[in-house]
Each structure stands twice: as structure tokens, then as C-alpha cells.
Amino acid sequence: MLVATLAREAEGCDVVIARRDLEHLLGAASLQIPLHSAPALHITDTLEDSIEHLESRASAVTAAGIIEQTPVLWLATPGEDADVVHQTLEGQPSTELIALFNGPWPYGPTHFVTTDGPQHPPCHNLDLLTRDRAIARLRTLTWANGGSDDQEAPGKRHPG
């Protein structure tokens, strides 16, 4: 989902993820890809900072009335903070939030996904990239290469 969302940046979806979760997904390569150049990616220092970022979006909407905002993909590992994460989800004013959590989630449906794919497949196909394929794919995006013309522009489909 991270790679697909960043590759479709022109379609308007932001990604919020804590640095630790990003490193868990991409390993040491997360430091080698200029992810800070991805305009749709918001990397926070901690889960708490991710929550504050989402809550500030929500308060901006409620303080100014109904404002159409960019949808957000939130990738996180709630762990022992599942109750706080759940409260954050309940406090969001719209359905423009997609949350994917790593680890146990006591508040709703859970799908156990390994490197071999979902153990109990959801009702639709879930394509997973290996870490190496995800890193290779991220490196092909224009923002990751300083806008080089021989790289793929965001929003364009890439085979595989």
C-alpha cells in the first residue's frame, strides 16, 4: 500500500507513518531513498506524533467548517497504544482515512499477513511486494531521483 500510494501521488492521497514503522517496512534502505522528497509522505518521529498530525487535520476541518481534504493512508504499529489509536480513529471527521496497522488490533477485523500473503484472504486481492521489490519500485519514482526524465512520474502505472 505504501508503494502504490506514493506511486499514485497525482491521485491525491497522503501517507502518514512513524519513522520506526517505515524502517520496519523498508529496513536500512529507508535511509538510502530520499523519502523526504515525496510530497505526499509525512514521516513522523513517533506514533504519538502521527496521532497529533492526524488530530491537527481533524481540528482544522472542524474549526473551519467542512473542508474537502486529501485522503490519508495511515500506516502504524499501535502495540500497547491501541486504545489511543482507536480514539484517534473515532475522532476523525470523515471517511477519508485508510488505516493499516501492524500487530494485534482488538477493535475490529484483523487479517494476518505474512511475506507469503494473507493467511485468511480478505474479500479482494491483496498484492504484496517483497521488501526488495518495494525498494526498487520506490527508487523508480521521479521524486526519488531529483526529477530525472528517465524515471517514472508519479501517477503513472508501472508494470509489476
Got L97 and L89 here, is their nearest side-chain heavy-atom distance under 4.5 Å? yes
Could you list the donor-acceptor pairs under 3.5 angstrom formed by side chains in residues 17-27, with sequence neighbours left out?
residue: D21; atom: OD1; partner: T77; partner atom: OG1; Å: 2.5
residue: D21; atom: OD2; partner: T77; partner atom: N; Å: 3.3

Distance col, row L138:CG vs I33:CD1, nearest 0.5 angstrom, shows 5.0 Å
As an exercise, state the distance from CG of L129 to CE of M1, rounded to the nearest 0.5 Å. 11.5 Å
Donor-acceptor pair, T140 side chain versus R137 backbone, under 3.5 Å? yes
Is there side-chain contact between L73 and D14, with heavy atoms separated by less than 4.5 Å? no
With side-chain contact (heavy atoms from CB on, under 4.5 Å) as the test, would you mind laying out the steps for I98 and V72 before giving the verdict? CA-CA 6 Å; I98 301 164; V72 173; over 6 Å; no
Considering only residues two or more places apart or on different chains, which pairs with a residue in residues 31-44 satisfy salt bridge (Lys or Arg N to Asp or Glu O under 4.0 Å)? none
Applying side-chain hydrogen bond (donor to acceptor under 3.5 Å, both in side chains), name anything that partners T44, two or more places apart in sequence or on another chain. S50
Taking the side chain as C-beta and beyond, is there a heavy-atom pair between T5 and L41 under 4.5 Å? no
Applying side-chain hydrogen bond (donor to acceptor under 3.5 Å, both in side chains), can you list everything that pairs with D49, at least two apart in sequence or on another chain? T46
Evaluation steps, side-chain contact (heavy atoms from CB on, under 4.5 Å), between T88 and W74: CA-CA 11 Å; T88 302; W74 182 22; 4.3 Å; yes
On a heavy-atom basis, which atom in S56 and which in H53 lie closest, and how many Å separate them? OG-O, 2.7 Å
Counterpart residues, side-chain contact (heavy atoms from CB on, under 4.5 Å), relative to D132 (two or more places apart): T130
Just by distance, do the side chain of R57 and the backbone of T70 share a donor-acceptor pair under 3.5 Å? yes
Where at least one partner belongs to residues 79-88, residue pairs that pass salt bridge (Lys or Arg N to Asp or Glu O under 4.0 Å), sequence neighbours excluded: none
Who are the side-chain contact (heavy atoms from CB on, under 4.5 Å) partners of A82, not counting sequence neighbours? P78, W105, P106, Y107
